[in-house]
2 protein chains.
Amino acid sequence: MTDATTDQDVERQRTAVIARALADPKRLCVLESLSEGELSVSDLSVCVGCQVPNMSQHLAVLRAAGLVHSRREGSTVYYRLADPRILEAYRLIQMIAH
Amino acid sequence: MTDATTDQDVERQRTAVIARALADPKRLCVLESLSEGELSVSDLSVCVGCQVPNMSQHLAVLRAAGLVHSRREGSTVYYRLADPRILEAYRLIQMIAH
DNA sequence: TCACAGCTTGCGCAAGGACGCAAGTGGCTC
DNA sequence: GAGCCACTTGCGTCCTTGCGCAAGCTGTGA
């Protein structure tokens, strides 16, 4: 017995996770920065203007939402956008915001 | 002297407010329901499956984000989508979520 | 004016998020 | 191995959110 609304609810839940990942100015700034190519955590912390541990946490949120991928090169970790469509969504919401 | 990043920051802040409004399954359900036309608060509370005061609060969030408009008719308040593009954004994020 | 229906608001609580700081982990070089 | 760099994780604190419940409007009709 599936609790009544399972499918649609799960779908909305996943959509909500992504929307929540977009619901922070610093994370939006991260996405903007990554639109031009991949960057390291420390690069991003400079772009956004926050401490490295804080940036690492924001990136974890974006990663959990599936919006970014990471790649290790030596001791440096590079992040990149997982799906270019996320920028479309960003722009669209930005337009709605005027 | 403007605090360095004022304009872009304000822009991201407003985008974040909208994204946050989308970041809840019940509010997404509200938007879906309103896609077919305007509905009253009690209608929506039935569609979504929550209590009326709770629905009223969710609607206040959506209204603060500028995503819905309300209209009073007698003692009943009808809500409708403020901008059809919000559905596009919803669908887009939904696609990204797979 | 009274009673009622439809919404909103206030309050208290529990859960979650953002941040700073300190500590831990993994890779590089010497 | 020792030391260092880049990043992640843990912890404590403060602030915000979602919810249920009760109380307050506001409009309708008797």
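Only this structure's heavy atoms are used, side chains among them; waters, hydrogens and symmetry mates stay out. Quantities reported herein were computed from a predicted structural model and do not represent experimental measurements. Here is how names work: the chains are called A, B, and so on, in the same order as the sequence lines, proteins then strands, and each is numbered from 1.
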S.K.: Figure out the CG/P separation between A:Asp43 and D:dA6, and round it to whole Å.
M.R.: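 Distance check: A:Asp43 CG to D:dA6 P gives 10 Å.
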
S.K.: So which heavy atom on B:Arg20 is nearest to which on A:Ala23, and how close?
M.R.: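 Scanning both residues completely, I find the closest heavy atoms to be NH2-O, 2.7 Å.
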
S.K.: Looking at DNA chain D, which of residues 18-41 of chain A put a heavy atom within less than 4.0 Å of it?
M.R.: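 Close to the strand are A:Ser40, A:Val41.
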
S.K.: Just to confirm, is there a sub-4.0 Å distance from OP1 or OP2 of D:dC7 to any side-chain nitrogen or oxygen of A:Ser42?
M.R.: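 Looking at the OP1 and OP2 atoms of D:dC7, one of them is under 4.0 Å from a side-chain N or O of A:Ser42.
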
S.K.: Looking across every strand, which nucleic acid part, if any, lies under 4.0 Å from B:Ser56 by heavy atom: base, sugar-phosphate, or nothing?
M.R.: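 Base: the residue B:Ser56, judged by heavy atoms under 4.0 Å, touches a nucleobase.
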
S.K.: According to a strict under-4.0 Å criterion, is B:Tyr79 in side-chain N/O contact with OP1 or OP2 of C:dT8?
M.R.: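 Answer is yes, contact under 4.0 Å.
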
S.K.: May I have the distance from B:Leu44 (atom CG) to C:dC7 (atom P), rounded to whole angstrom?
M.R.: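 In whole Å, C:dC7 P and B:Leu44 CG are 9 Å from each other.
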
S.K.: Of all heavy-atom pairs between A:Gln13 and B:Pro25, which one has the smallest distance, and what is that distance?
M.R.: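 Between these two residues, the closest heavy atoms are OE1-CG, 3.3 Å.
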
S.K.: May I ask you to say whether B:Asp83 pairs ionically with B:Arg85, meaning some side-chain N is under 4.0 Å from a carboxylate O?
M.R.: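 So B:Asp83 pairs with B:Arg85 through a salt bridge.
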
S.K.: From B:Leu28 CG over to A:Gln8 CD, what is the distance, rounded to the nearest 0.5 angstrom?
M.R.: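 One gets 11.5 Å once the value is rounded to the nearest 0.5 Å.
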
S.K.: To the nearest Å, give me how far apart CZ (B:Arg71) and P (C:dG6) are.
M.R.: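 Rounded to whole Å, this separation is 16 Å.
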
S.K.: Pick one: which of B:Ser40, B:Ser70, B:Ser33 meets side-chain contact (heavy atoms from CB on, under 4.5 Å) with B:Tyr79?
M.R.: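 It is B:Ser70, the one option of B:Ser40, B:Ser70, B:Ser33 that forms the side-chain contact (heavy atoms from CB on, under 4.5 Å) with B:Tyr79.
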
S.K.: OP1 or OP2 of D:dC19 less than 4.0 angstrom from a side-chain nitrogen or oxygen of B:His58, does that happen here?
M.R.: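 Checking D:dC19 against B:His58, a side-chain N or O does come within under 4.0 Å of OP1 or OP2.
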
S.K.: Do nucleotides 21-30 of chain D as a string where each nucleotide becomes B, S or -: B if the base has a protein heavy atom under 4.0 Å, S if just the sugar-phosphate does, - if no protein is that close.
M.R.: BB----SS--

S.K.: In this structure, how many angstroms lie between the P atom of C:dG6 and the CG atom of B:Leu59, rounded?
M.R.: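 About 16 Å, once rounded to whole Å.
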
S.K.: Heavy atoms only: give me the nearest B:Ala89-A:Ile93 pair and the separation to one decimal.
M.R.: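 Minimum heavy-atom separation between B:Ala89 and A:Ile93: CB-CG1, 4.1 Å.
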
S.K.: If you measure from NE2 on A:His98 to CD1 on B:Ile18, what distance do you get to the nearest 0.5 Å?
M.R.: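 Reported value, rounded in 0.5 Å steps: 9.0 Å.
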
S.K.: Measure from the side-chain heavy atoms of B:Val77 and tell me the nearest of D:dC7, C:dT8, C:dG6.
M.R.: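 From the listed options, C:dT8 comes nearest.
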
S.K.: Take B:Lys26 and B:Asn54 through the test side chain to side chain contact (heavy atoms under 4.5 Å, CB included) and record every step on the way to the result.
M.R.: CA-CA 10 Å; B:Lys26 290 185 179 172; B:Asn54 187 4; 4.0 Å; yes

S.K.: Where is the tightest heavy-atom contact between A:Met55 and A:Val41, given as atom of each residue plus distance?
M.R.: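 What the structure gives for the nearest pair is CG-O, 3.8 Å.
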
